Amino acid sequence: MIKKFLIVFLVLVLACGVSLAEDAVTSATLKIDRLPAVEAEDNGILVAYFSPDDTTKAAAYAIAAALHAELFEIEAAEPYTADDLNYMSSKSRSMTEMKDAAIRPAIAALPEDLGKYDTILLGYPIWGGQAPKILYTFVESVDLSGKTVVPFCTSNSSSIGSSAVNLQKAAGEGAKWEKGGRVRKGDNAEAIAQWITEIFVPAASEQ
Ligand SMILES: Cc1cc2nc3c(=O)[nH]c(=O)nc-3n(C[C@H](O)[C@H](O)[C@H](O)COP(=O)(O)O)c2cc1C
């Protein structure tokens, strides 16, 4: 009987551990260590983000929670390792990609039905002052025509700078790009929610 109880207890502890690990994020710049709950409504807003080190993911969840938006993670077909993200080495994968204007890292999967969204908030980390090349893969692979795109980034210190304008150029015409901005260093989920509602007001049909 005691043995049975112990087994059930162990299974419960393990199950809890796994789900906590999934919710936990480590963020270099944001004060978020647990992803906020997102209650998505069918309001035509998607938060699509790339976040190999989880900081932009934390920002994306805070934004999606505030806007009741759906979430989509842009994942690399070949995930980035810690070595790949070493920006101190000019030979690392990330730095090599940023030097190659033509490179377009493959995405694991694109969103199934982008047609149901009017607005896409597009999040990414700043790499060498720009959006990672996989964002170019994304904007060149999906049909953004008729949509509003709101870019946002995280970084150690750089602003969004020319990163969004360059992505917009790569995406071509047809979408309305908002100015967007950088999620501020040190912000928590509440501050990010406040910020996004200041810089982006969803159209009446999306509320
Ligand atoms: C390859 C690489 C280049 C980076 N370049 C910059 C930069 O130019 N300016 C900056 O402020 N931060 C830079 N960073 C830091 C990231 O922008 C920052 O840590 C970001 O929040 C990481 O987001 P993530 O956790 O979603 O991957 C760089 C990071 C990497 C991996």
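In this text, all values refer to a predicted model and were calculated from it rather than measured experimentally. Position 1 is the first residue of the sequence, and the numbers go up from there. Because only heavy atoms are used, hydrogens play no part in the values below, and waters and symmetry mates are left out as well, while side chains stay in.
Between the CZ atom in Arg184 and the OG atom in Ser159 there is a gap of 14.0 Å [rounded to 0.5 Å]. Going from atom NZ of Lys57 over to atom CG of Leu30 covers 13.5 Å, rounded to the nearest 0.5 Å. In this structure, Lys133 NZ and Thr96 OG1 are separated by 10.5 Å, a value rounded to the nearest 0.5 Å. Taking CG of Leu114 as the reference point, atom NZ of Lys147 lies at 5.0 Å (rounded to 0.5 Å). With rounding to the nearest 0.5 Å, the separation of CG in Asn43 from CD in Glu70 is 8.0 Å. The distance from the OH atom of Tyr80 to the CD1 atom of Ile134 is 5.0 Å, given to the nearest 0.5 Å.
Closest approach of Glu140 to Arg104, counting heavy atoms only: OE1-NE, 2.8 Å. Contact between Pro151 and Lys179 at its shortest, heavy atoms only, is CG-O, 3.8 Å. Of all heavy-atom pairs spanning Val139 and Ala171, the tightest one is CB-CB, 3.8 Å. Contact between Phe50 and Leu135 at its shortest, heavy atoms only, is CB-CD2, 3.7 Å. Closest non-hydrogen pair, Ala69 versus Ile45, comes out as CB-O, 3.4 Å. In this structure, Leu67 and Pro202 approach most closely via the heavy-atom pair CD2-CG, 4.3 Å.
At most 12 heavy atoms of other shown residues, nucleotides or ligands fall within 6.0 angstrom of atom CD in Glu173. Within 6.0 Å of CG on Asp42 lie no more than 12 heavy atoms contributed by other residues, nucleotides or ligands. Atom NZ of Lys91 is surrounded by 12 or fewer heavy atoms from other residues, nucleotides or ligands within 6.0 Å.
Leu71 is connected to Val183 through a chain of hydrophobic side-chain contacts under 4.5 Å among Ile, Leu, Val, Met, Phe, Trp and Tyr, so both are in one cluster. Tyr61 is not connected to Leu122 by any chain of hydrophobic side-chain contacts under 4.5 Å among Ile, Leu, Val, Met, Phe, Trp and Tyr, and they are in different clusters. Ile126 and Trp195 are not part of a single hydrophobic cluster, where members link through side-chain heavy atoms under 4.5 Å apart. Taking hydrophobic clusters as Ile, Leu, Val, Met, Phe, Trp and Tyr residues chained together by side-chain heavy-atom distances below 4.5 Å, Tyr117 does not share a cluster with Tyr49. Under a hydrophobic-cluster definition in which Ile, Leu, Val, Met, Phe, Trp and Tyr are linked whenever side-chain heavy atoms come within less than 4.5 Å, directly or via other members, Val142 and Val150 are assigned to different clusters.
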| field | Working for ring pair (Phe, Tyr, Trp, His ring centres under 6.0 Å), residues Tyr136 and Tyr124 | value | CA-CA 11 Å; Tyr136 288 75; Tyr124 52 87; 9.0 Å; no
| Stepwise side chain to side chain contact (heavy atoms under 4.5 Å, CB included) check, Leu110 with Phe138 | CA-CA 8 Å; Leu110 291 170; Phe138 183 79; 4.1 Å; yes
| request: Output, in order, the C-alpha distance, side-chain angles, deciding distance and verdict of side chain to side chain contact (heavy atoms under 4.5 Å, CB included) for Asp118 and Thr148. | output: CA-CA 6 Å; Asp118 309 309; Thr148 298; over 6 Å; no
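Side-chain N/O atoms of Gln194 and Glu190 include no donor and acceptor closer than 3.5 Å. Side-chain atoms of Thr81 and Asp84 form a donor-acceptor pair, as typed in the model, at a separation below 3.5 Å.
Residue Ser163 is tested with Ile160, Leu167, Asn166 for a side-chain contact (heavy atoms from CB on, under 4.5 Å); the sole match is Ile160. When each of Ser51, Pro132, Ser158 is checked for a side-chain contact (heavy atoms from CB on, under 4.5 Å) with Pro125, only Pro132 meets the rule. Looking at Ile63, Ile120, Thr119 one by one, the single match for side-chain contact (heavy atoms from CB on, under 4.5 Å) with Val47 turns out to be Ile63.
Looking at Val165 and Trp177, their side chains never come closer than 4.5 Å, going by heavy atoms from C-beta outward.
Ser92 places a side-chain N or O within donor-acceptor distance of the main-chain N or O of Asn86, the cut-off being under 3.5 Å.
Clustering of Ile, Leu, Val, Met, Phe, Trp and Tyr by side-chain heavy atoms under 4.5 Å joins Met95 with Tyr87, Met88.
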